[in-house]
Protein chains: 2
Amino acid sequence: MNKKRTTIKDIANVLNISAAAVSKALHDDSRISKKTKLEVKRVAKELNYQPNHLASALRRGKSNLVGVIVPRTNSNFFSSVIEHMEDVLNKAGYNLIITQSNESFEKECRNIDTLLFTQVDGIIASMANETVDLSYFEKIKSNNIPLVLFDRGENDLNVDYIGINDYESSHMIIKHLVEAGCKRIAHIGGYRRTRIFNNRIRGYIDAIKKHNLPHDDELLIESNLTLEDGRIQMKKLLTLKNCPDAIYVASDAAALGALQVLNENNIAVPDDIRLVGFGNEPFTSLVTPSITSVNQHSEQIGQIAAETFLELVQSKDLKQTLNKKILDAELIIRDSSK
Amino acid sequence: MNKKRTTIKDIANVLNISAAAVSKALHDDSRISKKTKLEVKRVAKELNYQPNHLASALRRGKSNLVGVIVPRTNSNFFSSVIEHMEDVLNKAGYNLIITQSNESFEKECRNIDTLLFTQVDGIIASMANETVDLSYFEKIKSNNIPLVLFDRGENDLNVDYIGINDYESSHMIIKHLVEAGCKRIAHIGGYRRTRIFNNRIRGYIDAIKKHNLPHDDELLIESNLTLEDGRIQMKKLLTLKNCPDAIYVASDAAALGALQVLNENNIAVPDDIRLVGFGNEPFTSLVTPSITSVNQHSEQIGQIAAETFLELVQSKDLKQTLNKKILDAELIIRDSSK
DNA sequence: TATATTTGCTTAAACGTTTAAGCAAAAGTA
DNA sequence: TACTTTTGCTTAAACGTTTAAGCAAATATA
């Protein structure tokens with residue numbers, strides 16, 4: 001009927017030594033004898049001792065918690081990133097607090113407050129689409145909390161970043177479509193204020209020029225890239241006098257919307273119009289025809305983001321050099337562009 | 001250049017009162033004057049005071065953290081449950097630590113250890129498919145930590161549970177298929193050791209009998225319900241001399257696998273074979289033909305699970321009556337069974 | 001042998017809160 | 001007036017751990 005949990009004091013009482021000695025024994029301090037260490041560990045196990053994480057965190061001034069903010073967990077990319085981040089950080093003794101912003105700036109701000117309140121040792125985040133005002137992220141920095149961004153980053157913040165080479169990815173996609181014989185390629189992109197979408201757009205424009213294809217304003221569209229956006233923008237593209245023969249869509253969800261519209265209008269994919277998405281979400285291989293897409297290496301991004309965070313806390317005082325790690329993405333060619 | 005964060009002592013010094021008075025003022029204690037409260041709050045804001053969560057948690061013996069364990073976050077059902085749980089719990093002052101087991105028993109055990117180590121005030125979990133050994137969940141109970149299960153529960157554990165009526169859902173599905181004229185209905189289910197899958201199987205068997213349809217052993221299959229399982233089991237069903245005219249699959253992923261095989265074999269859905277999935281994952285409405293499925297009311301489940309947890313902590317000492325809340329599911333009829 | 005070093009512990013303070021107990025002054029009551 | 005009650009604070013201890021400082025005994029060094 002022992003309501004109370006065992007503490008190091010309980011162990012100390014059993015062995016008639018001080019609580020300090022117990023603490024040191026549990027941490028394998030060199031000034032504690034082998035014999036005492038063994039006895040302490042034995043009693044700890046016997047009494048089912050669980051260290052009080054709050055007390056040690058309070059004393060040591062760190063919580064061993066890392067806050068994670070993602071636009072949503074319900075995406076293969078983000079949940080995979082998180083999984084691999086967790087692997088690395090758990091091994092280093094950190095636990096994760098995962099929060100989702102649902103692409104809302106307001107929710108993101110509340111998440112940041114929550115994480116700061118919870119005394120996390122650092123924050124690894126991917127920004128909401130809506131976010132333009134960076135004051136809340138500045139708040140993290142001014143609280144001296146290590147911050148690492150991935151995928152959705154922001155140059156102005158001057159923090160470590162891990163992402164893929166969006167500019168190059170666009171080049172890769174356009175090259176693939178050109179080689180397949182496409183002459184008129186449209187791009188349904190995100191809003192330029194988000195760095196990754198801006199890079200994809202820049203890559204698209206430069207690649208189009210490089211291959212001497214027409215760079216027509218009506219072929220370049222900005223949107224929120226939801227499935228519904230994909231539908232709307234695809235319908236708009238179909239009304240053009242001079243219809244494109246390929247569409248590069250900056251998200252898989254929007255690409256799926258576009259595909260639905262094409263199917264509904266009995267336009268053959270890839271024969272009449274070729275289609276490429278972005279993100280390599282599982283459903284891209286499940287729909288008919290399967291959608292060509294870009295693998296963003298979520299495993300590596302998660303792992304590297306975690307490692308970057310660890311470097312950051314380990315070298316906290318020394319003036320840190322900025323880390324921007326850009327991975328090459330991989331084009332997964334499927335039926336929609338074959 | 002103030003490295004240190006502001007504490008209540010700093011506020012106390014500014015106002016020449018005791019730290020205790022500051023603490024009480026911040027908590028609107030009735031024994032502190034209005035004037036002092038206002039001043040304390042003003043100074044707190046001025047100094048950008050952030051309460052040290054660890055210290056207050058240590059002192060009060062509770063962390064205001066709730067641990068969540070789900071098989072995976074990359075599922076619309078679970079991420080939606082989490083989102084709505086978060087809404088309720090944030091309002092009540094709790095934060096979430098989300099962990100995923102990836103359907104692995106081992107990972108689930110490690111997650112439980114992690115959460116206990118982090119001193120969570122309670123755990124809300126949905127069990128991994130693999131889990132049969134309940135000792136780790138018993139460990140939660142024996143640590144006196146409130147435990148609430150949802151979706152994937154377990155009768156033997158005797159803890160609060162929120163889920164849908166799986167047995168009734170099967171009846172609903174069979175009724176729908178019978179009304180559509182089906183005479184020979186197969187079921188690709190999960191393993192009976194998991195309660196929800198057992199209930200779906202029982203519902204299937206009883207409904208089949210009720211409608212005087214043939215209950216053939218070869219029509220009832222147990223599997224892991226992954227997409228690949230759906231493909232394999234569907235191929236097996238197609239080899240039967242007496243082929244079914246409808247398939248009820250206990251997960252959307254497996255239903256999709258089955259659909260792929262049917263499409264590849266040029267078997268018309270729904271004309272030759274009708275298909276029903278379970279879970280109402282977004283892709284069910286996106287594939288061709290769209291898949292009839294069951295909406296599990298993730299929003300309500302998340303909300304009720306959170307509320308159940310709150311009831312549990314509020315009435316911790318009084319002998320708690322067991323809460324099992326079973327919601328009615330909703331059949332979403334789509335092209336695959338029309 | 002006398003002195004220095006190492007070993008193995010102890011004591012006590014600290015981390016930032018909360019809270020029980022207490023005390024003086026103000027306000028209320030008879 | 002003399003008392004009780006209320007108000008508005010303070011003091012001090014506690015939560016469970018870590019850690020700097022210190023001290024005696026054992027061991028090494030000269």
Side-chain angles (χ1 to χ4, degrees), chain A residues 2-41 43-44 47-65 93 116-121 143-144, chain B residues 2-41 43-44 47-65 93 116-121 143-144:
Chain A
N2 45 340
K3 276 272 175 220
K4 288 276 151 232
R5 304 171 48 142
T6 1
T7 71
I8 50 171
K9 273 189 187 167
D10 299 325
I11 302 177
N13 286 340
V14 170
L15 295 172
N16 264 320
I17 55 176
S18 70
V22 174
S23 171
K24 286 177 183 165
L26 290 171
H27 289 94
D28 276 323
D29 188 295
S30 63
R31 297 287 285 275
I32 299 291
S33 70
K34 266 219 154 68
K35 192 186 143 210
T36 308
K37 280 182 191 169
L38 285 172
E39 283 184 323
V40 165
K41 283 172 187 171
V43 175
L47 300 183
N48 187 28
Y49 169 71
Q50 293 261 26
N52 186 321
H53 176 252
L54 296 171
S56 95
L58 172 61
R59 176 59 231 246
R60 296 197 338 228
K62 53 179 302 204
S63 65
N64 276 47
L65 291 174
L116 292 179
F117 173 75
T118 316
Q119 316 273 118
V120 292
D121 287 347
N143 273 33
N144 246 326
Chain B
N2 45 339
K3 275 273 174 217
K4 288 278 150 228
R5 305 171 48 147
T6 355
T7 71
I8 49 171
K9 272 189 186 166
D10 299 326
I11 301 176
N13 286 340
V14 170
L15 294 172
N16 266 319
I17 56 176
S18 70
V22 174
S23 172
K24 287 178 181 164
L26 290 172
H27 289 95
D28 276 324
D29 188 296
S30 62
R31 299 285 285 275
I32 299 291
S33 70
K34 265 220 153 71
K35 191 185 146 210
T36 308
K37 281 183 191 170
L38 285 173
E39 282 183 325
V40 165
K41 285 173 185 170
V43 175
L47 300 184
N48 187 30
Y49 169 70
Q50 292 260 25
N52 186 321
H53 176 251
L54 296 172
S56 93
L58 172 62
R59 177 58 231 247
R60 296 196 338 228
K62 53 180 302 204
S63 64
N64 276 46
L65 292 173
L116 292 179
F117 174 75
T118 316
Q119 317 272 119
V120 292
D121 287 348
N143 271 36
N144 246 326

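Chain letters run A, B, ... following the sequence lines, proteins first and then strands; every chain starts at 1.
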_For dC9(D) and T36(B) - does any side-chain N or O of the residue sit under 4.0 Å from the phosphate oxygens OP1/OP2?_
yes

_For a quick check of understanding: with a heavy-atom distance under 4.0 Å over all strands, which category does L54(B) fall into, base, sugar-phosphate or nothing?_
nothing

*Would you please test V40(A) and I17(A) for side-chain contact (heavy atoms from CB on, under 4.5 Å) and show each step?*
CA-CA 10 Å; V40(A) 165; I17(A) 55 176; 3.9 Å; yes

*Between the main-chain N or O of D10(B) and the side-chain N or O of N13(B), is there a donor-acceptor pair closer than 3.5 Å?*
no

*asked:* Which nucleotide wins on minimum distance to the side chain of A21(B), given the candidates dT17(C), dT10(D), dG16(D)?
replied: dT10(D)

_Is there a side-chain contact between S18(B) and the phosphate of dT10(D), meaning an N or O under 4.0 Å from OP1 or OP2?_
yes

*Quick one: does K24(A) reach the base of dT10(C) with a side-chain donor-acceptor pair under 3.5 Å?*
yes

*Euclidean distance, atom CD1 of residue I32(A) to atom P of dT10(C) [Å, nearest integer]*: 8 Å

_Distance-minimising heavy-atom pair for Q119(A) and S63(A)_ = O-OG, 2.5 Å

*asked:* At less than 4.0 Å, is any side-chain N or O atom of S23(A) found next to OP1 or OP2 of dG16(D)? Yes or no.
replied: no

_Without decimals, in angstroms, what is the distance between H27(A) NE2 and dA20(D) P?_
13 Å

*Between I17(B) (CD1) and dT17(C) (C1'), how many Å, whole number?*
15 Å

*May I ask you to verify if any side-chain N or O of S33(B) is less than 4.0 angstrom from the OP1 or OP2 atom of dC9(D)?*
yes

*asked:* Quick check for you: among dC9(C), dT19(D), dT10(D), whose closest atom lies nearest to any side-chain atom of A20(B)?
replied: dT10(D)

*Tell me: CG of L58(B) to P of dT17(D), nearest whole Å?*
9 Å

*Just call it for H53(B): base, sugar-phosphate, or nothing, with non-hydrogen atoms closer than 4.0 Å on any strand.*
nothing

*Measure the spacing between CZ of R5(B) and CG of L47(B) and express it to the nearest 0.5 Å.*
13.0 Å

*asked:* What is the distance, to the nearest angstrom, from the NZ atom on K62(B) to the P atom on dC15(D)?
replied: 18 Å

*Taking all heavy atoms of H53(B) and all of T118(A), pick out the closest pair and write down the distance.*
ND1-CA, 4.0 Å

_Assuming nearest nucleotide by heavy-atom distance, tell me which of R31(B) and A55(B) is located more 5' along DNA chain D._
R31(B)

